[in-house]
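Here the structure comes first, spelled out in structure tokens, and everything after it is commentary.
Along the sequence shown, residues carry numbers from 1.
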Amino acid sequence: MDVTWMTKYLAEFLGTAILIILGNGAVANVDLKGTKGFASGWMTIAWGYGCGVMIPALMFGNVSGNHINPAFTLGLAVSGFFPWAHVAQYIVAQLLGAIVGQAVIVMVYHPYYLKTTNSNHILGTFSTIDNVDDGTGTSRSGATINGFLNEFFGSFVLFFAALGLTKNFFGAEVIPAIDKLLSSQGAAGTKVADMDIATKVQQGIVGLTTGNAGSLAVAHLALGFLVMTLVASLGGPTGPGLNPARDLGPRILHAVLPKSILGESKSDSKWWYAWVPVVAPILAGISAIALFKIIFM
């Protein structure tokens, strides 16, 4: 799809906002006292986050690539799959989208924040914290180590699998084969990715490429199930975050909102831990995407 970079930035903003509304909205429904979903279980959260990734992927995957995650954007840029000139704009859009999405959650769940007496449940609807943390200084070291390991390996699986789903999907071999055929016929430099629909029709390959697009759409559906499964399997220790914007943006909002909005049980934003769900996914994104490139591309 031929769109401007500004449209891509907007898609990243909206996609990240939707991610937070659906994902942290599910957390709020489970953790905040008095909601209809109160204490309904972890799978409610897993479904919320799975659909929170799947729906923006289907909406904006063909627009901006639907990164909605600074760690993914940085990892792609380091491996040469995304231009550095647009990295900062993507990350700003993602952070702002996360903050706006969280603000929507606060507005609709405001009465239930006031009823909730568990400060970790209040923070948990914004950001992550390792479950080893018991509120004492002595637990911080263990929480930091366990949290880092969980966020790193969870993010590594997310990014490596996401590339596998969107690059190695069934039928992915068709496009390189057509590019090679065009080159052998004297159309050197002509690639399917650069063609519009009219050119594809003229070349008689529109049917092949349309089927290819269908497989890619299924891959984007699978991304949602990937995230849902990661939340179900690796969500026990930290949530998990797997996304610097998903954690940092809402944490900033948690820090600035007063108790009159979040209730008297609001506690600190645990900034001592905040670097973990930012740094671990970024390192995982860089290493997972680089490894995928070495093996498959």
Starting from [Y], can I reach [X] by hopping between I/L/V/M/F/W/Y residues whose side chains sit under 4.5 Å apart?
X    : Y    : value
L96  : L19  : no
L76  : V3   : no
V256 : I105 : yes

Residues passing the salt bridge (charged side-chain N to carboxylate O under 4.0 Å, His left out) test with D247, sequence neighbours excluded, are R251
Polar contact flag, side-chain donor to acceptor under 3.5 angstrom, [X]-[Y]:
X    : Y    : value
N24  : Y49  : yes
T229 : S233 : no
S141 : T144 : no
T128 : Y273 : no
H121 : T116 : no

Using links of under 4.5 Å between side-chain heavy atoms of ILVMFWY residues, direct or through other members, which residues join L123 in one cluster?
none
Transitive ILVMFWY cluster of L221, excluding itself - 4.5 Å side-chain cut-off:
M43, W47, M54, L58, F225, M228
What distance do E151 atom CD and L158 atom CG have between them, rounded to the nearest 0.5 Å?
10.5 Å
Between atom CG of L223 and atom CG of N66, what is the distance when rounded to the nearest 0.5 Å?
8.0 Å
If we only count heavy atoms from C-beta on, is the K266 to H254 side-chain gap below 4.5 Å?
yes
Considering only heavy atoms from C-beta outward, does the side chain of Y90 approach that of S64 to under 4.5 Å?
yes
Can you confirm whether more than 12 heavy atoms, excluding those of F153, are under 6.0 Å from its CZ atom?
no
Where is the tightest heavy-atom contact between L95 and A245, given as atom of each residue plus distance?
CD2-CA, 3.8 Å
Is the backbone N or O of D130 less than 3.5 Å from a side-chain atom of T238, with the two atoms forming a donor-acceptor pair by type?
no
Residue set satisfying side-chain hydrogen bond (donor to acceptor under 3.5 Å, both in side chains) with T166, at least two apart, ordered chain then number -> none
Candidate pair Q94 and N69, rule side chain to side chain donor-acceptor pair (under 3.5 Å), full reasoning
CA-CA 7 Å; Q94 292 156 1; N69 188 330; over 6 Å; no
List the atom pairs, with distances to 0.1 Å, where a side-chain N or O of residues 277-296 and a protein N or O form a donor-acceptor pair under 3.5 Å, not counting sequence neighbours.
from, atom 1, to, atom 2, distance (Å)
S287, OG, L283, O, 2.9
S287, OG, A284, O, 3.1
K293, NZ, S79, O, 2.7

Step by step, would you call Y113 with T125 a side chain to side chain donor-acceptor pair (under 3.5 Å)?
CA-CA 10 Å; Y113 279 108; T125 66; 2.7 Å; yes
Only one of F13, F82, F159 clears ring-ring contact (aromatic ring centres under 6.0 Å, His included) with H67; which?
F82
Under the rule for side-chain contact (heavy atoms from CB on, under 4.5 Å), what residues qualify as partners of D133, not counting sequence neighbours?
I129, S139, A143, K270, W272
